[in-house]
2 protein chains.
Amino acid sequence: MALSREQVVATAVDLLRRYGLGDLTMRRLARELGVAPGALYWHVANKQELLVEVADALLAEIAVPPPGQPPEEALAGLAVSLREALVQVPDAADVVGLAYAVEPGATRALRELARLVHDTGVPASERDKVAALVVHHVLGSVAGEQNRGLAARADPELSPPDPAGEAKAFEVGLAVILRGVTR
Amino acid sequence: MALSREQVVATAVDLLRRYGLGDLTMRRLARELGVAPGALYWHVANKQELLVEVADALLAEIAVPPPGQPPEEALAGLAVSLREALVQVPDAADVVGLAYAVEPGATRALRELARLVHDTGVPASERDKVAALVVHHVLGSVAGEQNRGLAARADPELSPPDPAGEAKAFEVGLAVILRGVTR
DNA sequence: ACCTGAACACCGTTCAAGT
DNA sequence: ACCTGAACACCGTTCAAGT
C-alpha cells in the first residue's frame, strides 16, 4: 500500500518520542518506513514542514479543560497539562517552539489558552502578550528540565532533575504570572 | 602563530553573528581560521562545549545595571538589555538556552539577575523559580521574534515583526511578572 | 604541543528514470 | 501518482602521522 502523509507524520512522532530530535532524520524515517529517502519528499515539502506537523500532532493530544471552572483555574490546568504532555517527549520544546512561531493559533490547545487568558479579564491589548508569556514559561520549563536531564546523564557530578520539584517550580512561576494578571 | 581557544571561540561568535547557527559548523569554522577541521579538537572537546563558550561570550558583553536603583527597576532594565543584546544575534536563544540549562549561574549577567530577584523581596524558596521565569521570557521572546522574522522572509504573505512592537510586548510580559512578584 | 590528511559514518535535498 | 537509485554538497569526530 502507498505511503500517506499521515503515516509519515505518525512515524516521525514515534521516532521523536523514542529517540529524540537527533534521531529524527529524513533518512532514518525513510528506513523506518521501508522506503528510499527521496520518497518522503513526495508527501512533505521538507524537514521543517514535517516538524511543524509533528508539533501539531503533539499538541492535538492535549485535552482542553472542561467548562464551568473559573478561567484562572482552567488556564492553570491547561498550562500544567501542556507541560506534562511535552516533558514526556524529548526535545518537544524545540519542535513546538518552531511551530508556535510559525503559526501561534494553529492548534486547539493554543487557541484555547488564548481564549482563557481573555476570560481572565486581561485587557485586549495585552491578551496575546500574556498568552505568549505563558507559552514561553511552558516551553522554557520543559527545555530546562530536559536539558538538565541530559546534562546529568553526561556528567555524574550533577544530580538528575526531580520531576516533582520541576513540576512545583513550574507552578510557582505560573502563579506569579496569574497574580500579575489579576492585578 | 598557534591557534588559541579564545581565538576559536571568538571566530565562532563572529560566524554566529553573521550567518547564524546553520553556518556555525566545525568545518566552516576551521576554514575561517585556515586550519584543518581536526585542529579544532585540540582546543575544544566538541561542538557542544564550544557552543557553551559562545553563549558565555555573548552574555559577558551585557552591562550590569548601575547600583542605586530600586531592585524592580534594575531587574527590568537588565532583562531589557539582555533581550536587546540577544535579538541582534541569530539563534542566540537556542545557544544561550543550552548554556543556561547546563550552568545557570555561570555568567555575571545571570547571577546579577538572580541577585536582583532576591532584592525585590521574593521569598527564598521562590527566588530561582522567578529568575528562571524571567530568563524563559527573555529567551522565548527572542526566539519568537527571530522565528517570525525567518518565517516572514520565507513567506511573503506574512508581515515581518516590528522591532518596537516586539520590545513593547516583551515589556508588557515583564510587567506582569513584576506585578505578580511584588504581591 | 599543535596540526594535517584521510577516513568513518552520517546528513537534507534533488531529480531523472522507472512503474 | 508514487517511488527508486544515484548523486550533490555537506556534516561531527577520530586518529595515525607529521613537525
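Every heavy atom of this structure was used, including side-chain atoms; hydrogens, water molecules and symmetry mates were not.
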Polar-atom pairs under 3.5 Å, protein N or O versus N or O of nucleotides 5-11 of chain C: list them with distances, or write none.
| unit_1 | atom_1 | unit_2 | atom_2 | d |
| --- | --- | --- | --- | --- |
| dC11(C) | OP1 | T25(A) | OG1 | 3.2 |

Atom pairs, N/O to N/O, protein against nucleotides 17-19 of chain C, distance under 3.5 Å?
none

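In this structure, the side chain of H137(B) does not engage the main chain of L133(A) through any donor-acceptor pair within 3.5 Å. A distance-only check finds no donor-acceptor pair linking the side chain of E145(A) to the backbone of A167(A) [under 3.5 Å]. Under a 3.5 Å cut-off, the side chain of K129(B) and the backbone N or O of E171(A) do not form any donor-acceptor pair. For D91(A) (side chain) and L21(A) (main-chain N/O), a donor-acceptor pair under 3.5 Å exists by modelled atom type.
Atom pair Y41(B):OH and dC3(C):P shows a separation of 15 Å (rounding to whole Å applied). Rounded to whole Å, atom P of dC15(C) lies 17 Å from atom CG of L40(A). When the P atom of dT13(C) is taken as reference, atom CD of E49(A) falls 11 Å away, rounded to whole Å. Put simply, CG on L33(B) is 15 Å from C1' on dT4(C), counting in whole angstrom units. Rounded to whole Å, the distance from CG on L3(B) to P on dC3(C) is 5 Å. In this structure, CG of N46(A) is placed 5 Å from P of dT13(C), rounded to the nearest angstrom. To the nearest angstrom, P of dT13(C) lies 12 Å from CG of L29(A).
Taking atom P on both nucleotides, dC10(D) is separated from dA9(C) by 22 Å, rounded to a whole Å. When the C1' atom is used for both dC11(D) and dC8(C), the distance is 12 Å, rounded to whole Å.
H43(A) has its side chain out of reach of Q7(A): every pair of non-hydrogen atoms, C-beta onward, lies at least 4.5 Å apart.
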**Q.** Pairing annotation in dot-bracket form, given for DNA chain D with Watson-Crick or G-U pairs under 3.5 Å and | for cross-strand partners
**A.** ||.|||||...|||||.||

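Counting only residues at least two apart or on different chains, no ring-ring contact (aromatic ring centres under 6.0 Å, His included) pair has a member in residues 106-134 of chain B. Under the side chain to side chain donor-acceptor pair (under 3.5 Å) criterion, no residue pair touches residues 19-29 of chain A, with sequence neighbours excluded.
The shortest non-hydrogen separation linking L86(B) to A92(B) is O-CB, 3.4 Å. Nearest heavy-atom pair, A152(B) versus P160(B), reported as atom, atom and distance to 0.1 Å: CB-CA, 3.6 Å. Taking both residues in full, the closest heavy atoms of S141(A) and F170(A) are given as OG-CD1, 3.4 Å, listed atom of the first, atom of the second, then distance.
E112(B) and R115(B) are joined by a salt bridge, as a carboxylate oxygen and a charged side-chain nitrogen come within less than 4.0 angstrom of each other.
Looking at the side chain of V35(A), the nearest of the listed nucleotides dT4(D), dG12(C), dT13(D) is dT4(D). Between dC3(D), dC2(C), dG12(D), one nucleotide has an atom nearer to the side chain of W42(B) than all others, and that is dC2(C).
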Pairs under 3.5 angstrom only: tabulate donor-acceptor contacts from the side chains of residues 52-75 of chain B to other protein residues two or more places apart or in another chain.
| unit_1 | atom_1 | unit_2 | atom_2 | d |
| --- | --- | --- | --- | --- |
| E53(B) | OE2 | R5(B) | NH1 | 3.1 |
| E61(B) | OE1 | R17(B) | NH2 | 3.0 |
| E61(B) | OE2 | R17(B) | NH2 | 3.3 |
| Q69(B) | NE2 | P66(B) | O | 3.3 |

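Listed pair H43(A) / dC3(D) meets the phosphate criterion, a side-chain N or O lying under 4.0 Å from OP1 or OP2.
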